[in-house]
Number of protein chains: 2
Amino acid sequence: MTPQPRILVVEDEPAIAELIAINLRHGGLLPVCTGDGARAQRELDAVLPDLILLDWMLPDVSGLELARRWRAHPRSKSVPILMLTARGDEPDKVAGLDAGADDYITKPFSTQELLARIRAVLRRRAPEQTCDVVAGGGLLLDGATVRVSWRGDALRLGPTEFRLLHYLMKHPERVHSRAQLLDKIWGDHVYIEERTVDVHIKRLREALGDAAVLVQTVRGAGYRFAAPTEVRIG
Amino acid sequence: MTPQPRILVVEDEPAIAELIAINLRHGGLLPVCTGDGARAQRELDAVLPDLILLDWMLPDVSGLELARRWRAHPRSKSVPILMLTARGDEPDKVAGLDAGADDYITKPFSTQELLARIRAVLRRRAPEQTCDVVAGGGLLLDGATVRVSWRGDALRLGPTEFRLLHYLMKHPERVHSRAQLLDKIWGDHVYIEERTVDVHIKRLREALGDAAVLVQTVRGAGYRFAAPTEVRIG
DNA sequence: ACGCAATGTGACAGTGTTGTGACAGTACGG
DNA sequence: CCGTACTGTCACAACACTGTCACATTGCGT
C-alpha cells in the first residue's frame, strides 16, 4: 500500500464529493474525485487506487453496473469497493454486495463511520495486495513494496518523489503539465504553487542519480518519463 | 469552453470587485462584475459564464442562498461556483460546499491563489483531452507526448514552433494569413507584429531540416503545410 | 532590366521558464 | 523534549525562447 492510501471517490454531487474529500484528507487518505462513470474509468486506468468509494446513483451508469464491470476486469478486480447509497434499502444492499462491493454505507453517515469503514476494508485487503510494478528504461518501481531500483541497485525516494515517479512511469512518453501533476499526485482541491512540482522533480532527479535522464523537461509544457531520444547513426 | 473563460464576479464592495477584475483580466480571464444578487441573476439569465465567483455577504441575499438557488435551476446547475468569504470558518465552508459551491477561498487571498483556484475548477470541469496525432508528408506530430519526428527521427522544436506546426498540420493545404496565425497560435488578445510570424516560420523550417519543404510560402497570402506540388509533365 | 513590395535571415536585448540552494514549518519517532 | 525527515515556498541564477529590427534576397509587374 502506498504511504497515503488513494481513495477514488465516484460521486456526482460536487458538494457531497467535496465534503467526503475533506474528511478523507483529514483522516490521512488521498481522495481523487470523479463525477461520473466515464471519468472514474479513466482515473482507474491511470492509477489504481487503494479503494473505491462508489455512489449508487450516477448520471451515466449505475454504480451497480460499474462495480460489476470493475470486478470483471482483471486489472481492477482486486480493488475494494465501498458502496454509497441514499437509503438503507435492503434490496439495494444485497444487489450491491452481489455485484462485488466489499461493504456499503448509507447516506447520511457520520465522518467517523465513513473513515472507520474505509479503514476496515483497507485493513482486510492489506495483506493480499497484488503486484503493482512498473518498469522502464532500467528503472523498476514496485507499488506494493514501495521500492525503486536502478539496474538492480535500490534507490531511496521520499513519499512524494515516489508517487511522482510512479505516476510518470505509469504514463511514459506522455507530457504532464504541472497542473495535471498537482491534480493527480497531490489530489484535486488542494492549492499548491505550481513551482513546487519543479522542486520535487529536482529532488526526484537527485535521488535517481544516473537514471535522472529518464525524467525529462518539456519546456513550456511540463515533464515526462521516457528513454532519451536515440542518436541515429546512419 | 470559450477561448477566454467568462467569470461572473458577484461582490458588493466596488473596490474589491475592481481589484479582482483587474487580476482576472491579467490572468487571461474575462470578468463581468455585479454588486448584488438581483443583477447577478439578470447577468446569469443573459449569458451563462464559465465560472461564478460568489461573495458570501451581499446586500440583498446571502451568497449561500444564491448558490443553492442556482444549483437547483437546470440552466445554471452545471456552472461551477467559487465561494468568497471573509474568514475561514469551517462551518461556513461546509455550508457553502453543501449549498453547491465547488471550491472556497477566504479573504484575504493572493492573486496567484485566486487564479490558481479558478483554473483548477475550470480544468476539473473541462473534459480530459484525448490524444491528437497529426501526420503528413513523412512528418508525425503528437500533441500528447509533444514530439515531432521526420521519417522516424526525432526533431527538436521550441514551444511556439511546435504550436505553429501543429496548427498548420491540422489544416493542411489550406493557406493561413499571418493575421490568422497570430489569432490561432498567439491568442486574439495580443498585438504582435505580423512579421514575427515570418521569423517563427524560419525557425520552424530550420528545425525541420529536410522536412522544411512541407512548410510553404504563398506570396501575398500567407503560409501553408502541404506536400510540394508535383512537376506537371505534359 | 528596373523598381517595388514581399519575404528570408542574422543579430540582439528583453522576457519568461526552469534549475537550484536555502529556509521555516510540520510531522513523527525516540 | 529533541533530533530527523519531509514538505512547500522563496529568491536568485542560468538559460532558452521571444519579438523586433535592419538588411539581404526574392518574386513580380512594367
Side-chain angles (χ1 to χ4, degrees), chain A residues 2-4 25-30 146 148 155-165 168 175-179 181-183 185-187 189-209 212-224, chain B residues 26-28 109-113 115-117 120 146 148 155-165 168 175-179 181-183 185-187 189-209 212-224 229:
Chain A
T2 40
Q4 212 180 6
R25 235 189 310 277
H26 195 260
L29 305 166
L30 180 60
V146 196
V148 186
L155 298 177
R156 264 182 51 83
L157 302 200
T160 307
E161 289 146 41
F162 183 86
R163 270 178 287 152
L164 187 50
L165 180 62
L168 290 177
V175 174
H176 308 273
S177 70
R178 290 162 177 72
L181 291 173
L182 280 178
D183 267 13
I185 290 150
W186 277 258
H189 293 264
V190 231
Y191 171 69
I192 303 232
E193 285 290 329
E194 292 206 339
R195 287 304 307 280
T196 300
V197 176
D198 297 26
V199 178
H200 280 275
I201 286 280
K202 169 190 157 28
R203 288 169 180 160
L204 172 59
R205 283 172 170 155
E206 239 165 46
L208 286 180
V213 288
L214 298 173
V215 177
Q216 300 163 8
T217 305
V218 180
R219 190 168 243 270
Y223 295 98
R224 121 179 99 198
Chain B
H26 192 261
F109 48 79
S110 76
T111 302
Q112 288 171 341
E113 180 177 2
L115 283 175
R117 281 188 186 265
V146 193
V148 186
L155 299 178
R156 263 185 54 84
L157 303 200
T160 307
E161 289 145 41
F162 186 86
R163 270 178 290 151
L164 187 50
L165 180 62
L168 290 177
V175 177
H176 307 273
S177 71
R178 291 165 176 75
L181 292 172
L182 280 177
D183 267 15
I185 291 151
W186 276 259
H189 57 299
V190 279
Y191 176 71
I192 302 220
E193 286 290 329
E194 292 206 338
R195 288 304 309 281
T196 299
V197 176
D198 298 25
V199 178
H200 280 276
I201 286 281
K202 169 194 156 25
R203 288 169 180 161
L204 173 58
R205 283 171 171 156
E206 233 166 50
L208 286 180
V213 288
L214 296 173
V215 177
Q216 300 161 9
T217 306
V218 179
R219 199 179 172 81
Y223 296 98
R224 130 181 93 193
T229 34

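The analysis underlying the following values was restricted to heavy atoms, covering all of them including side chains, and did not include hydrogens, waters or symmetry mates. Throughout, protein chains are lettered first and strands after them, A, B, ... in sequence-line order, and every chain is numbered starting at 1.
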Sugar-phosphate only, base, or nothing, as touched by Y223(B) at under 4.0 Å among non-hydrogen atoms: sugar-phosphate
Touch class at under 4.0 angstrom, heavy-atom based, for V218(B) against every strand present: sugar-phosphate
Would you indicate whether the side-chain heavy atoms of [Y] and [X] approach each other to under 4.5 Å?
{"X": "L214(A)", "Y": "L208(A)", "answer": "no"}
{"X": "Y191(B)", "Y": "L182(B)", "answer": "no"}
{"X": "H176(B)", "Y": "V197(B)", "answer": "no"}

Taking the side chain of [X] as heavy atoms from C-beta outward, which of [options] is closest to it?
{"X": "R205(B)", "options": "dG8(C), dG10(C), dA11(D)", "result": "dG8(C)"}
{"X": "D198(A)", "options": "dG19(C), dT9(C), dG16(C)", "result": "dG19(C)"}
{"X": "E193(B)", "options": "dG19(C), dT9(C), dC21(D)", "result": "dC21(D)"}
{"X": "R219(B)", "options": "dA5(C), dT18(C), dG19(D)", "result": "dA5(C)"}
{"X": "I192(B)", "options": "dC17(D), dT7(D), dT20(D)", "result": "dT20(D)"}

Quick one: [X] [atom1] to [N] [atom2], roughly how many Å, whole number?
{"X": "L208(A)", "N": "dG19(C)", "atom1": "CG", "atom2": "P", "answer": "14 Å"}
{"X": "R178(A)", "N": "dT17(C)", "atom1": "CZ", "atom2": "C1'", "answer": "8 Å"}
{"X": "E194(A)", "N": "dT17(C)", "atom1": "CD", "atom2": "P", "answer": "11 Å"}
{"X": "H176(B)", "N": "dT7(C)", "atom1": "NE2", "atom2": "C1'", "answer": "18 Å"}
{"X": "K202(B)", "N": "dT25(D)", "atom1": "NZ", "atom2": "P", "answer": "14 Å"}
{"X": "F162(B)", "N": "dC17(D)", "atom1": "CZ", "atom2": "P", "answer": "14 Å"}
{"X": "W186(A)", "N": "dG8(D)", "atom1": "CH2", "atom2": "C1'", "answer": "10 Å"}
{"X": "L204(A)", "N": "dG19(C)", "atom1": "CG", "atom2": "P", "answer": "12 Å"}

From L181(A) atom CG to R163(A) atom CZ, the distance as rounded to the nearest 0.5 Å: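 L181(A) CG to R163(A) CZ: 12.5 Å, rounded to 0.5 Å.
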Side chain R205(B), main chain V215(B), donor-acceptor under 3.5 Å: yes
Side-chain donor/acceptor of R203(A) to base of dG21(C), under 3.5 Å: no
Along DNA chain C (nearest heavy atom to each residue), the more 5'-positioned of G220(A) and T217(B):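 Checking each residue's closest nucleotide, the 5'-ward one belongs to T217(B).
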